[in-house]
Amino acid sequence: MARRRRALAASAAAERQRAARIVRRAADTARDAARHPADYPPPGPFRPSTWRSPLRGLWLTSVLAVVLLVGLTIVAVTGLLSYAAYDPLLGSNDTTPGANLLKFYLFTWPTHPSWWYRVDQGVHITLGLALLPIVLMKLWSVLPRLFAWPPVRSLAQILERVSLIMVVGGVLFEFATGILNIQDFYVFPFSFYTAHLYGAWVFIAGLVVHVALKFPRMVHGLRSRSLRRELRTPLAGTQPEEPDEAGLRAARPAAPTISRRGLLAAVGGASLTLAGLVVGQSIGGLARRTSLFGPRGLSATAPHYLPVNRTAVSIGLTAKEVGPAYRLTLAGAHQVVLTYEQLRALPQQVVELPIACVEGWSYSARWTGVRLGDLARMAGMPEPAGALVESIQQVGSWRAVTLSDGQVLDPQSLLAVTLNGHILPWDHGYPARTIVPNTPGVHNTKWVNKITFLRQV
Amino acid sequence: MTGAGWVRRGSGWVRRWYGANPLHLLTLLAAFALAGYAVHAVMAAGEWIGFAEWFAVAIIGHDLLLFPLYSLADLSLRHLLPGGSHGRLPEVKPATRGPFEPARPALTPPRTAAPGITPPRTAAPGIAPPGIAAPVIARPAVATAVAQPAAVAPAWPPLLNYVRIPVIFSLLLLLTFFPMILGLSAPELHRASGLGTGPYVWRWLGVTGTMFAISAVTYALRTRRAR
């Protein structure tokens, strides 16, 4: 009996000791965790072992980064040039009056070369689409860093992470709004023109600081492996990169399922596919037939017809407004009112000029009409400082546009009445529309019923 | 004290307090000023709520929705298809020391072991020779894992990438042009251009089919060459 009691007491003591040991160990762990939080990440993506891809690494990220550095710079510059092409400093053109200082670089948009805007927007849209797969791949390559543990190490790191919100949020915001806009999918609760511009500046601010801080690391990454050797290495020879200071390489890389060159080929191929299935809409000719996903690519119906981005139906144009009652008012030193027949009786010029939309598509066409300079002379103002061109269209954006003196007086600037030898279709601005070299499509006003030549703009 | 001395002392103080050199701070502040100015313009335009929402949705939508979804899809595909088999994660014994894994096992082996890129907190000279570079832990294991498929010499080359690549291309096209492919932007597009979105779904299916056909032909050629 006594023996049994003793044995029980002993086992209870052992039990107590074991419990104490467990508690002590837990306390140790907790103390250690408090002191070295980096070693105790929460489960899931915060544990480095979650990230297994053997292809992630500083070299891959750097290669994608250098492509984006060049590409996104071109997209940003062409975008800002497009903003300049809208001549926001002239008269009523400004739809972003709050931009103030962000207009620091603006200049009066020239009329030559006449293909400049067309190329600018073709590059902006096509290159932008081509960069989408590269942006996604770049984000994939650095995504483990989003979950780096502990999330905050210093004030410097907090600020840098905030700047990354500007880069990542900015690039995704710009791509999303741009891609939705070219398809006329206006689901965003803001004006595209305003948001795409200001979003771009947030992105540019983030990009500049990101490049400034990471450029040396990118150069180091590019030098860490030979591109030529990578392009010769098949799957069987694909090894993980060396561990890097940035912590991009997986801590425990798995076996690769695709070679590094395979990955680059897939990303490059996706890039070329996206761009290639659209770019025809900006080139014209036979290439247009390849533009399977250009929103205005394969869609031209009759040979003399061009696509539009505002139909007569959408502005509620009626036969009464463009019928015999139509009058064109020219205002300047004095006022001249012309009927359609009188307008057609004036000396006509023929020009070959593109309609180039901000959305990237462009078509070249032959236009016949009266020089804007001739109309200015008729209104008694042979050398105006500019002109306000107004449309029958009552509401909506771009119903009135201010042109610069250079645009009014360019011998190729017409008030056009025919398109490719046919009377202007209603959708193209019958009875008369302006066509000005090197301007965004919407600055070529349709259904024009009044031109005011201005002494100052 | 000289001017340069003051600068050095000030810079040292910033470095301790801030965690990087003063230029780092100045660059970031300049960027915040520019971005802040742009955001101020958005607020002046009365559109900042929608703007901020879309910014947040863009980041969350990509990082916490799109990325996990496509990773999961890829993981599933790798487990389903031959070729994904050698993508199965080889178990490399992690160099853990406690109940949890250390932050960077490959870089920072056990705190008592060799110094990796991050210097060890508890100096432990003599316990492990300082020459043992961290990558040694992971690399041989991977090398053997890579060598495996070659040794087995399958009659059929791995199918994985011949499925994965056309799927990715197709989904990328859908992601980019879904408003037209699914006809979501049909009303607006018609109002603006008089055109419909009808053809786009067929074009997408056609391009997807073509991608798979090219992939199949390439796979067939590779299989023939392998035999």
Side-chain angles (χ1 to χ4, degrees), chain A residues 38-41 47-49 52 98-99 133 143 146 149 154-157 159 163 166 168-169 172-173 176 179-180 183-186 188-190 194-195 198 201-202 205 208-209 212 236 240 242-243 245 251-255 257-258 266 270 273-274 292-293 299 307-311 314 427, chain B residues 18-20 24 27-28 31 34-35 37-38 41-42 44-45 47 50-51 54-55 58-59 62-63 67 78 84 86-87 89-90 92 94 98-107 117 134-135 138 142 145-146 150 160-161 165 169 172 176-177 179-180 184-185 188-189 191-195 203:
Chain A
D39 286 355
Y40 296 84
R47 300 246 168 110
S49 58
R52 302 288 315 259
L143 217 90
L146 176 67
W149 195 264
S154 66
L155 183 61
Q157 200 210 5
L159 293 187
S163 81
M166 287 151 52
V168 177
L172 293 171
F173 181 88
I179 287 171
L180 295 179
Q183 302 173 72
D184 293 45
F185 193 44
Y186 306 122
F188 23 77
F190 37 69
T194 315
Y198 295 137
W201 279 108
V202 172
V208 168
V209 74
E242 295 296 308
E245 211 176 324
R252 286 196 297 139
T257 55
I258 189 168
T273 305
L274 269 187
L292 291 181
F293 288 93
S299 49
V308 293
N309 82 346
R310 178 161 297 148
T311 53
S314 73
D427 283 348
Chain B
Y18 171 67
H24 185 276
T27 317
L28 278 164
L34 176 55
Y37 189 82
V42 177
E47 297 183 333
F51 188 84
W54 272 62
F55 238 77
I59 296 179
H62 174 270
D63 291 358
F67 171 79
R78 277 189 348 220
H86 71 96
L89 316 177
V92 183
F100 302 97
E101 356 172 17
R104 282 190 275 175
L107 287 185
I117 285 171
V142 172
V146 172
L160 177 67
N161 289 331
I165 303 291
F169 275 44
L172 191 66
T176 311
F177 296 111
M180 293 195 308
L184 299 175
S185 66
E188 282 295 333
L189 199 71
R191 247 165 56 83
S193 66
L195 301 164
R203 289 178 195 173

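Here is the naming used below: chain letters follow the sequence lines, and residue numbers restart at 1 for every chain. Just so it is clear, the model here is predicted, and its values are computed rather than measured.
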Peer 1: Where on A:Leu143 is there a heavy atom nearer than 4.5 Å to chain B: the side chain, the backbone, both, or neither?
Peer 2: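 Looking at A:Leu143, just its side chain touches chain B.
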Peer 1: State whether the side chain of B:Arg78 and the backbone N or O of B:Leu160 hold a donor-acceptor pair below 3.5 Å, judged by distance alone.
Peer 2: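 Not a single qualifying donor-acceptor pair exists.
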Peer 1: Most heavy-atom pairs under 4.5 angstrom with chain A, which of B:Asn161, B:Thr27, B:Val42?
Peer 2: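 Sorted descending by pairs with chain A, the first entry is B:Asn161.
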Peer 1: Give, as side chain, backbone, both or neither, the part of B:Leu189 having an atom under 4.5 angstrom from any heavy atom of chain A.
Peer 2: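 When you check distances to chain A, atoms from both the backbone and side chain of B:Leu189 fall under 4.5 Å.
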Peer 1: Return yes if some donor-acceptor pair links the side-chain N/O of A:Thr311 with the main-chain N/O of B:Arg191 below 3.5 Å, else return no.
Peer 2: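 Yes: the side chain of A:Thr311 pairs with the backbone of B:Arg191.
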Peer 1: Of the backbone (N, CA, C, O) and the side chain (C-beta and beyond), which part of B:Phe51 lies under 4.5 Å from a heavy atom of chain A, both, or neither?
Peer 2: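 It is both, since atoms from each part get that close.
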Peer 1: Which one, A:Ala176, A:Pro133, A:Ala270, leads in non-hydrogen pairs under 4.5 Å with chain B?
Peer 2: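 So the answer, after comparing A:Ala176, A:Pro133, A:Ala270, is A:Ala270.
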Peer 1: How many angstroms lie between CD in B:Glu47 and OH in A:Tyr198, if you round to the nearest 0.5 Å?
Peer 2: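 The CD atom of B:Glu47 sits 9.0 Å away from the OH atom of A:Tyr198.
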Peer 1: Relative to chain A, which segment of B:Phe169 carries a heavy atom at a distance below 4.5 Å: side chain, backbone, both, or neither?
Peer 2: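 Contact with chain A is through the side chain of B:Phe169 alone.
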Peer 1: Between A:Val208 and chain B, with a heavy-atom cut-off of 4.5 Å, which part of the residue counts as in contact: side chain, backbone, both or neither?
Peer 2: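 Neither part.
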Peer 1: Quick one: does A:Gln157's side chain have a donor or acceptor within less than 3.5 Å of a partner on B:Ala20's backbone?
Peer 2: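 No, A:Gln157 side chain to B:Ala20 backbone: no donor-acceptor pair under 3.5 Å.
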Peer 1: With chain A as the partner, which of B:Pro179, B:Ala45, B:Ala44 has the greatest number of non-hydrogen pairs under 4.5 Å?
Peer 2: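 With the most close heavy-atom pairs to chain A, the winner is B:Pro179.
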Peer 1: So A:Phe188 and A:Tyr186, would you call those rings parallel, tilted or perpendicular, with 30° and 60° as cut-offs?
Peer 2: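 Because their plane-to-plane angle is over 60°, the rings of A:Phe188 and A:Tyr186 count as perpendicular.
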Peer 1: Report which part of A:Thr273 has an atom under 4.5 Å of a heavy atom belonging to chain B: side chain, backbone, both, or neither.
Peer 2: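 The answer is the side chain of A:Thr273.
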Peer 1: Rounded to the nearest 0.5 Å, what's the gap from CG on B:Asp63 to CG on A:Leu146? Could you check?
Peer 2: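 These two atoms lie 5.0 Å from each other.
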Peer 1: Are side-chain heavy atoms of B:Glu188 and A:Phe185 found at a separation under 4.5 Å?
Peer 2: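 A side-chain contact is absent here, since even the closest heavy-atom pair is not under 4.5 Å.
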Peer 1: Answer with side chain, backbone, both or neither: which region of A:Ala99 has an atom nearer than 4.5 Å to a non-hydrogen atom of chain B?
Peer 2: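 Backbone only.
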